[in-house]
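Just so you know, these numbers use all the heavy atoms, side chains as well, and skip hydrogens, waters and symmetry mates.
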Amino acid sequence: METDSIRSQFPILDQKVYGKPLVYFDNAATTQKPQSVIDTLCRYYQTLNSNIHRGAHYLAGEATEEYEQTRRAVQQFINARHSHEIVFTRGTTESINLVAASFGQRFLNEGDEVVVSAMEHHSNIVPWQLACERQGARLQVIPFDDEGVLDLEALRGLLNEKTRIVAVNHVSNTLGTVNPIRQIVDIAHSHGIPVLVDGAQAISHFAVDVQELGCDFYCFSGHKMYGPMGVGVMYGREELLEQMPPYQGGGEMIKDVTFERTTYNELPFKFEAGTPAVGDVLGLHSAIRFMQQTGVDNIARHEKELTDYATERLLQIEDLRIYGRAKEKTSVISFLVGNAHPYDVGTLLDKLGIAVRTGHHCTQPIMDRYGIPGTVRASFAVYNTREEVDTLISAIERIAPMLA
(Lines give C-alpha, C1' and ligand atoms only; values in the text may rest on other atoms or scores of the structure.)
Protein backbone atom coordinates (compact mmCIF):
# COMPACT_ATOMS: atom_id res chain seq x y z
CA MET A 1 0.00 0.00 0.00
CA GLU A 2 1.39 3.38 -1.04
CA THR A 3 0.91 5.67 1.94
CA ASP A 4 1.86 8.74 -0.11
CA SER A 5 -0.96 8.09 -2.57
CA ILE A 6 -3.36 7.63 0.35
CA ARG A 7 -2.22 10.86 2.02
CA SER A 8 -2.63 12.81 -1.22
CA GLN A 9 -6.38 12.15 -1.04
CA PHE A 10 -6.67 14.08 2.25
CA PRO A 11 -6.23 17.82 1.59
CA ILE A 12 -6.28 18.77 5.29
CA LEU A 13 -3.02 16.91 5.91
CA ASP A 14 -1.10 19.19 3.54
CA GLN A 15 -0.81 22.14 5.88
CA LYS A 16 1.30 23.54 8.69
CA VAL A 17 0.35 24.24 12.31
CA TYR A 18 2.42 26.85 14.11
CA GLY A 19 4.88 26.60 11.23
CA LYS A 20 5.24 22.82 11.58
CA PRO A 21 3.85 20.13 9.26
CA LEU A 22 0.60 18.82 10.72
CA VAL A 23 0.89 15.42 12.39
CA TYR A 24 -2.66 14.28 13.04
CA PHE A 25 -2.86 11.62 15.75
CA ASP A 26 -6.42 12.27 16.97
CA ASN A 27 -8.14 9.75 14.74
CA ALA A 28 -10.07 8.04 17.55
CA ALA A 29 -11.93 11.33 18.00
CA THR A 30 -12.55 11.77 14.27
CA THR A 31 -10.77 10.74 11.09
CA GLN A 32 -9.99 13.20 8.33
CA LYS A 33 -11.98 13.10 5.10
CA PRO A 34 -10.72 12.17 1.62
CA GLN A 35 -11.46 14.50 -1.28
CA SER A 36 -14.02 12.03 -2.63
CA VAL A 37 -16.18 12.47 0.48
CA ILE A 38 -15.85 16.26 0.35
CA ASP A 39 -16.79 16.22 -3.34
CA THR A 40 -19.88 14.12 -2.62
CA LEU A 41 -21.10 16.63 -0.04
CA CYS A 42 -20.57 19.50 -2.48
CA ARG A 43 -22.25 17.62 -5.33
CA TYR A 44 -25.33 16.86 -3.25
CA TYR A 45 -25.90 20.48 -2.28
CA GLN A 46 -25.01 21.80 -5.72
CA THR A 47 -27.05 19.36 -7.83
CA LEU A 48 -29.35 17.11 -5.77
CA ASN A 49 -30.52 19.01 -2.70
CA SER A 50 -34.01 17.73 -1.97
CA ASN A 51 -36.04 16.05 0.72
CA ILE A 52 -36.30 12.30 0.18
CA HIS A 53 -39.08 9.69 0.03
CA ARG A 54 -41.73 12.39 -0.36
CA GLY A 55 -41.42 14.25 -3.65
CA ALA A 56 -42.56 13.24 -7.14
CA HIS A 57 -40.00 15.47 -8.84
CA TYR A 58 -36.63 14.52 -10.34
CA LEU A 59 -34.37 15.80 -7.54
CA ALA A 60 -36.35 13.99 -4.86
CA GLY A 61 -36.24 10.77 -6.83
CA GLU A 62 -32.49 10.95 -7.46
CA ALA A 63 -31.68 11.88 -3.85
CA THR A 64 -33.91 9.08 -2.56
CA GLU A 65 -32.26 6.51 -4.82
CA GLU A 66 -28.74 7.49 -3.71
CA TYR A 67 -29.84 7.51 -0.06
CA GLU A 68 -31.20 3.98 -0.33
CA GLN A 69 -28.13 2.88 -2.29
CA THR A 70 -26.11 3.93 0.75
CA ARG A 71 -28.32 1.81 3.00
CA ARG A 72 -27.63 -1.19 0.78
CA ALA A 73 -23.91 -0.37 0.76
CA VAL A 74 -23.85 -0.32 4.57
CA GLN A 75 -25.75 -3.62 4.66
CA GLN A 76 -23.11 -5.21 2.44
CA PHE A 77 -20.21 -3.52 4.27
CA ILE A 78 -21.15 -5.09 7.62
CA ASN A 79 -22.86 -8.16 6.08
CA ALA A 80 -26.31 -7.61 7.58
CA ARG A 81 -29.03 -9.96 6.36
CA HIS A 82 -31.44 -7.23 5.23
CA SER A 83 -31.13 -3.59 4.23
CA HIS A 84 -34.12 -2.76 6.44
CA GLU A 85 -31.98 -3.74 9.45
CA ILE A 86 -29.89 -0.60 8.76
CA VAL A 87 -31.20 2.52 10.50
CA PHE A 88 -29.52 5.88 9.88
CA THR A 89 -28.91 8.11 12.92
CA ARG A 90 -26.73 11.11 13.76
CA GLY A 91 -23.96 8.89 15.15
CA THR A 92 -23.07 6.14 17.61
CA THR A 93 -24.43 8.12 20.55
CA GLU A 94 -27.88 8.48 19.01
CA SER A 95 -27.81 4.85 17.87
CA ILE A 96 -27.22 3.61 21.43
CA ASN A 97 -29.77 6.05 22.86
CA LEU A 98 -32.29 4.76 20.32
CA VAL A 99 -31.80 1.16 21.43
CA ALA A 100 -31.67 1.99 25.14
CA ALA A 101 -34.90 3.99 24.94
CA SER A 102 -36.86 1.74 22.57
CA PHE A 103 -35.59 -1.66 23.72
CA GLY A 104 -35.82 -0.47 27.31
CA GLN A 105 -39.44 0.60 26.90
CA ARG A 106 -40.38 -2.74 25.40
CA PHE A 107 -38.28 -5.23 27.36
CA LEU A 108 -36.93 -3.61 30.54
CA ASN A 109 -39.00 -3.79 33.70
CA GLU A 110 -38.59 -3.08 37.41
CA GLY A 111 -35.97 -5.32 38.98
CA ASP A 112 -34.36 -6.23 35.64
CA GLU A 113 -30.66 -5.77 34.94
CA VAL A 114 -28.48 -4.35 32.14
CA VAL A 115 -24.83 -5.41 31.87
CA VAL A 116 -22.14 -3.05 30.54
CA SER A 117 -18.36 -3.13 30.87
CA ALA A 118 -16.09 -0.90 32.93
CA MET A 119 -14.26 0.20 29.76
CA GLU A 120 -17.27 1.72 28.02
CA HIS A 121 -17.44 5.20 26.54
CA HIS A 122 -19.94 7.34 28.43
CA SER A 123 -22.24 6.98 25.41
CA ASN A 124 -22.65 3.30 26.24
CA ILE A 125 -23.15 3.93 29.96
CA VAL A 126 -25.38 6.97 30.42
CA PRO A 127 -28.18 5.90 28.01
CA TRP A 128 -28.49 2.61 29.92
CA GLN A 129 -28.45 4.44 33.26
CA LEU A 130 -31.32 6.60 31.98
CA ALA A 131 -33.22 3.53 30.78
CA CYS A 132 -32.69 1.83 34.14
CA GLU A 133 -33.90 4.92 36.00
CA ARG A 134 -37.04 5.08 33.86
CA GLN A 135 -37.87 1.40 34.19
CA GLY A 136 -36.63 0.74 37.73
CA ALA A 137 -33.86 -1.58 36.55
CA ARG A 138 -30.23 -1.88 37.66
CA LEU A 139 -26.87 -1.55 35.90
CA GLN A 140 -24.23 -4.28 36.36
CA VAL A 141 -20.58 -3.87 35.33
CA ILE A 142 -18.00 -6.29 33.86
CA PRO A 143 -14.53 -5.47 35.28
CA PHE A 144 -11.23 -5.56 33.40
CA ASP A 145 -7.67 -6.37 34.50
CA ASP A 146 -4.54 -4.20 34.62
CA GLU A 147 -3.71 -4.99 30.98
CA GLY A 148 -7.14 -3.80 29.85
CA VAL A 149 -8.72 -7.22 29.22
CA LEU A 150 -12.35 -7.92 30.14
CA ASP A 151 -13.02 -10.57 32.80
CA LEU A 152 -15.32 -12.99 30.99
CA GLU A 153 -15.69 -15.18 34.07
CA ALA A 154 -17.11 -12.14 35.86
CA LEU A 155 -19.49 -11.67 32.90
CA ARG A 156 -20.71 -15.24 33.30
CA GLY A 157 -21.30 -14.60 36.98
CA LEU A 158 -23.34 -11.45 36.27
CA LEU A 159 -25.84 -13.05 33.90
CA ASN A 160 -29.08 -14.34 35.39
CA GLU A 161 -32.82 -14.52 34.75
CA LYS A 162 -33.10 -10.77 35.37
CA THR A 163 -30.52 -9.76 32.73
CA ARG A 164 -32.20 -8.22 29.68
CA ILE A 165 -29.26 -7.05 27.55
CA VAL A 166 -25.45 -6.89 27.47
CA ALA A 167 -23.91 -3.71 25.98
CA VAL A 168 -20.16 -3.66 25.27
CA ASN A 169 -17.75 -1.89 22.96
CA HIS A 170 -15.96 -3.74 20.19
CA VAL A 171 -12.82 -1.63 20.75
CA SER A 172 -12.02 0.60 23.70
CA ASN A 173 -11.43 4.19 22.62
CA THR A 174 -8.96 4.63 25.50
CA LEU A 175 -7.22 1.27 25.88
CA GLY A 176 -7.42 0.06 22.29
CA THR A 177 -8.54 -3.36 23.51
CA VAL A 178 -10.37 -5.46 20.93
CA ASN A 179 -13.00 -7.31 22.91
CA PRO A 180 -13.89 -10.94 21.98
CA ILE A 181 -17.39 -10.10 20.77
CA ARG A 182 -18.19 -13.53 19.35
CA GLN A 183 -17.32 -15.12 22.70
CA ILE A 184 -19.33 -12.51 24.61
CA VAL A 185 -22.31 -13.05 22.31
CA ASP A 186 -22.12 -16.82 22.76
CA ILE A 187 -22.06 -16.43 26.55
CA ALA A 188 -25.03 -14.03 26.52
CA HIS A 189 -27.05 -15.97 23.95
CA SER A 190 -26.66 -19.16 25.97
CA HIS A 191 -28.87 -17.36 28.50
CA GLY A 192 -31.19 -15.95 25.81
CA ILE A 193 -29.80 -12.44 26.33
CA PRO A 194 -29.28 -10.06 23.36
CA VAL A 195 -26.05 -8.09 22.88
CA LEU A 196 -25.48 -4.53 21.70
CA VAL A 197 -22.02 -3.65 20.38
CA ASP A 198 -20.61 -0.11 20.28
CA GLY A 199 -18.55 -0.35 17.11
CA ALA A 200 -17.46 3.28 16.87
CA GLN A 201 -13.77 2.46 17.35
CA ALA A 202 -13.79 -0.78 15.33
CA ILE A 203 -15.50 0.06 12.05
CA SER A 204 -12.56 1.95 10.50
CA HIS A 205 -9.84 -0.47 11.61
CA PHE A 206 -10.86 -3.94 10.46
CA ALA A 207 -13.64 -5.86 8.73
CA VAL A 208 -16.90 -6.14 10.68
CA ASP A 209 -19.38 -8.94 9.93
CA VAL A 210 -22.43 -8.68 12.15
CA GLN A 211 -23.69 -12.13 11.20
CA GLU A 212 -20.35 -13.69 12.07
CA LEU A 213 -20.25 -11.76 15.36
CA GLY A 214 -23.82 -12.83 16.07
CA CYS A 215 -24.67 -9.56 17.83
CA ASP A 216 -28.21 -8.21 17.97
CA PHE A 217 -27.31 -4.52 17.61
CA TYR A 218 -24.20 -2.83 16.18
CA CYS A 219 -23.72 0.94 16.33
CA PHE A 220 -21.15 3.20 14.65
CA SER A 221 -20.47 6.72 13.32
CA GLY A 222 -19.57 7.91 9.85
CA HIS A 223 -17.06 10.50 10.99
CA LYS A 224 -14.77 7.89 12.58
CA MET A 225 -14.52 5.99 9.27
CA TYR A 226 -13.47 8.84 6.94
CA GLY A 227 -17.06 10.02 6.44
CA PRO A 228 -18.94 13.18 7.44
CA MET A 229 -20.07 14.14 10.90
CA GLY A 230 -23.80 13.98 11.56
CA VAL A 231 -24.47 10.46 10.28
CA GLY A 232 -24.33 7.11 12.02
CA VAL A 233 -25.77 3.62 11.80
CA MET A 234 -27.77 1.42 14.11
CA TYR A 235 -27.89 -2.16 12.85
CA GLY A 236 -30.55 -4.19 14.60
CA ARG A 237 -31.75 -7.73 14.14
CA GLU A 238 -35.09 -7.68 12.35
CA GLU A 239 -36.91 -9.79 14.95
CA LEU A 240 -36.07 -7.30 17.72
CA LEU A 241 -36.65 -4.15 15.67
CA GLU A 242 -40.14 -5.35 14.78
CA GLN A 243 -41.01 -5.60 18.48
CA MET A 244 -39.50 -2.26 19.53
CA PRO A 245 -41.58 0.96 19.57
CA PRO A 246 -40.49 4.07 17.66
CA TYR A 247 -37.78 6.20 19.24
CA GLN A 248 -39.17 9.52 18.00
CA GLY A 249 -42.42 10.64 16.43
CA GLY A 250 -42.87 12.81 13.35
CA GLY A 251 -42.79 12.57 9.60
CA GLU A 252 -41.62 9.48 7.70
CA MET A 253 -42.05 7.06 10.63
CA ILE A 254 -45.82 6.79 10.17
CA LYS A 255 -48.30 5.09 7.86
CA ASP A 256 -51.54 6.72 8.99
CA VAL A 257 -52.23 9.48 11.50
CA THR A 258 -55.56 10.47 13.02
CA PHE A 259 -56.27 12.21 16.27
CA GLU A 260 -57.46 8.88 17.64
CA ARG A 261 -54.45 6.71 16.73
CA THR A 262 -51.31 6.40 14.62
CA THR A 263 -49.99 3.35 12.79
CA TYR A 264 -46.24 3.18 12.27
CA ASN A 265 -44.23 2.70 9.11
CA GLU A 266 -42.35 -0.48 8.24
CA LEU A 267 -38.66 -1.03 8.94
CA PRO A 268 -36.36 0.85 8.83
CA PHE A 269 -38.49 3.98 8.48
CA LYS A 270 -40.23 3.41 11.82
CA PHE A 271 -36.98 4.59 13.43
CA GLU A 272 -36.13 7.45 11.03
CA ALA A 273 -38.40 10.32 12.01
CA GLY A 274 -38.01 13.64 10.22
CA THR A 275 -35.70 14.91 7.52
CA PRO A 276 -32.37 13.05 7.62
CA ALA A 277 -28.89 14.40 6.87
CA VAL A 278 -29.11 13.26 3.25
CA GLY A 279 -25.82 14.76 2.08
CA ASP A 280 -23.96 13.24 5.01
CA VAL A 281 -25.46 9.82 4.30
CA LEU A 282 -24.27 10.04 0.68
CA GLY A 283 -20.88 11.08 2.03
CA LEU A 284 -20.86 7.93 4.15
CA HIS A 285 -21.27 5.92 0.95
CA SER A 286 -18.18 7.62 -0.47
CA ALA A 287 -16.27 6.83 2.72
CA ILE A 288 -17.20 3.16 2.38
CA ARG A 289 -15.99 3.22 -1.22
CA PHE A 290 -12.70 4.75 -0.07
CA MET A 291 -12.19 2.01 2.52
CA GLN A 292 -13.07 -0.73 0.04
CA GLN A 293 -10.80 0.68 -2.66
CA THR A 294 -7.95 1.03 -0.17
CA GLY A 295 -8.69 -2.43 1.19
CA VAL A 296 -9.95 -2.95 4.73
CA ASP A 297 -7.34 -5.66 5.29
CA ASN A 298 -4.62 -3.29 4.03
CA ILE A 299 -5.82 -0.65 6.48
CA ALA A 300 -5.72 -3.14 9.37
CA ARG A 301 -2.25 -4.34 8.43
CA HIS A 302 -0.80 -0.84 8.10
CA GLU A 303 -2.28 0.36 11.38
CA LYS A 304 -1.05 -2.71 13.28
CA GLU A 305 2.50 -2.19 12.00
CA LEU A 306 2.32 1.48 12.96
CA THR A 307 0.91 0.74 16.43
CA ASP A 308 3.56 -1.90 17.13
CA TYR A 309 6.30 0.47 16.01
CA ALA A 310 4.94 3.41 18.05
CA THR A 311 4.54 1.23 21.15
CA GLU A 312 8.12 0.02 20.91
CA ARG A 313 9.48 3.55 20.45
CA LEU A 314 7.36 5.09 23.20
CA LEU A 315 8.40 2.49 25.77
CA GLN A 316 12.02 3.49 25.21
CA ILE A 317 11.24 6.92 26.70
CA GLU A 318 12.16 7.10 30.37
CA ASP A 319 9.22 7.05 32.79
CA LEU A 320 6.59 6.76 30.04
CA ARG A 321 3.69 4.47 30.94
CA ILE A 322 1.18 3.03 28.48
CA TYR A 323 -2.34 2.18 29.65
CA GLY A 324 -3.93 -0.65 27.70
CA ARG A 325 -1.57 -3.53 26.95
CA ALA A 326 -4.00 -6.18 25.76
CA LYS A 327 -2.62 -8.65 23.25
CA GLU A 328 -5.52 -7.88 20.91
CA LYS A 329 -5.70 -4.12 20.41
CA THR A 330 -6.04 -1.52 17.67
CA SER A 331 -4.24 1.71 16.87
CA VAL A 332 -4.84 3.60 20.12
CA ILE A 333 -2.04 4.32 22.58
CA SER A 334 -2.85 6.09 25.85
CA PHE A 335 0.13 7.15 27.94
CA LEU A 336 1.53 9.41 30.63
CA VAL A 337 5.03 10.85 30.92
CA GLY A 338 6.40 11.05 34.45
CA ASN A 339 4.25 13.23 36.64
CA ALA A 340 3.35 15.62 33.83
CA HIS A 341 -0.33 16.44 33.48
CA PRO A 342 -1.71 15.08 30.16
CA TYR A 343 -3.08 18.49 29.20
CA ASP A 344 0.36 20.08 29.53
CA VAL A 345 1.88 17.37 27.35
CA GLY A 346 -0.86 17.78 24.74
CA THR A 347 -0.53 21.56 24.69
CA LEU A 348 3.23 21.46 24.09
CA LEU A 349 2.85 18.78 21.41
CA ASP A 350 0.28 20.98 19.69
CA LYS A 351 2.82 23.82 19.50
CA LEU A 352 5.06 21.40 17.64
CA GLY A 353 2.29 20.62 15.12
CA ILE A 354 1.20 17.30 16.66
CA ALA A 355 -2.50 16.75 17.33
CA VAL A 356 -3.26 14.29 20.14
CA ARG A 357 -6.19 13.95 22.54
CA THR A 358 -5.87 14.60 26.28
CA GLY A 359 -8.17 13.99 29.25
CA HIS A 360 -10.45 11.15 30.26
CA HIS A 361 -11.71 10.50 26.69
CA CYS A 362 -15.30 10.13 27.96
CA THR A 363 -14.20 7.06 29.93
CA GLN A 364 -13.98 8.32 33.50
CA PRO A 365 -14.48 4.82 34.99
CA ILE A 366 -11.27 3.70 33.25
CA MET A 367 -9.34 6.58 34.78
CA ASP A 368 -10.81 5.76 38.20
CA ARG A 369 -9.74 2.13 37.71
CA TYR A 370 -6.11 3.23 37.25
CA GLY A 371 -6.27 6.14 39.71
CA ILE A 372 -5.22 8.76 37.15
CA PRO A 373 -6.81 12.05 35.97
CA GLY A 374 -6.50 11.22 32.28
CA THR A 375 -4.00 10.30 29.59
CA VAL A 376 -2.44 11.54 26.40
CA ARG A 377 -3.89 9.54 23.53
CA ALA A 378 -2.26 9.05 20.15
CA SER A 379 -4.47 7.23 17.65
CA PHE A 380 -3.54 6.27 14.11
CA ALA A 381 -5.26 5.96 10.74
CA VAL A 382 -4.36 4.64 7.31
CA TYR A 383 -2.70 7.91 6.25
CA ASN A 384 -0.27 8.07 9.19
CA THR A 385 3.41 7.15 8.78
CA ARG A 386 6.44 5.92 10.72
CA GLU A 387 8.06 9.28 10.09
CA GLU A 388 5.19 10.94 11.94
CA VAL A 389 5.67 8.53 14.84
CA ASP A 390 9.35 9.49 14.90
CA THR A 391 8.29 13.15 15.03
CA LEU A 392 6.09 12.37 18.05
CA ILE A 393 8.91 10.53 19.81
CA SER A 394 11.36 13.39 19.24
CA ALA A 395 8.80 15.89 20.49
CA ILE A 396 8.11 13.96 23.70
CA GLU A 397 11.85 13.58 24.37
CA ARG A 398 12.18 17.33 23.87
CA ILE A 399 9.35 18.41 26.16
CA ALA A 400 9.72 15.76 28.90
CA PRO A 401 12.57 17.57 30.71
CA MET A 402 10.53 20.78 30.63
CA LEU A 403 7.67 19.05 32.47
CA ALA A 404 9.74 17.01 34.94
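Outside the 6.0 Å centre-distance limit, the rings of Phe269 and Phe88 are not counted as a close aromatic pair. For Phe380 and Phe25, the ring centers sit closer than 6.0 Å to each other. Between Tyr247 and Phe271, the distance from one ring center to the other does not fall under 6.0 angstrom. Remark: aromatic rings of Tyr67 and His285 are distant, center separation not under 6.0 Å.
Between the side chains of His361 and Thr375, at least one donor-acceptor pair of N or O atoms lies under 3.5 Å. No side-chain N or O of Asn124 forms a donor-acceptor pair with one of Asn169 less than 3.5 Å apart. In this structure, a donor-acceptor pair under 3.5 Å is absent between the side chains of Ser334 and Thr174. Judged by distance alone, the side chains of Gln129 and Glu133 never bring a donor and an acceptor atom under 3.5 Å apart. Side-chain N/O atoms of His189 and Asp216 include a donor and acceptor closer than 3.5 Å. No side-chain donor-acceptor contact under 3.5 Å links Asn339 and Asp319. Between the side chains of His84 and Glu238, at least one donor N or O sits under 3.5 Å from an acceptor N or O.
Residue pairs meeting the side-chain hydrogen bond (donor to acceptor under 3.5 Å, both in side chains) criterion with at least one member in residues 5-15, sequence neighbours excluded: Arg7-Glu388.
Taking each heavy atom of His122 and His360 in turn, the nearest pair found is CE1-CE1, 3.9 Å.
In summary, Glu113 and Lys162 do not engage in a salt bridge, as defined by a charged side-chain N under 4.0 Å from a carboxylate O. Salt bridge absent: Arg43 and Asp39 never bring a charged side-chain N and a carboxylate O closer than 4.0 Å.
Without hydrogens or angle criteria, Ser394 side chain to Thr391 main chain gives no donor-acceptor distance under 3.5 Å.
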Is there a side chain to side chain donor-acceptor pair (under 3.5 Å) between Asp4 and Tyr383? Walk through the geometry before answering. CA-CA 8 Å; Asp4 287 345; Tyr383 41 67; over 6 Å; no
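Both tests hold for Arg369 against Phe144: distance to the six-membered ring centre under 6.0 Å, angle to the ring axis within 45°.
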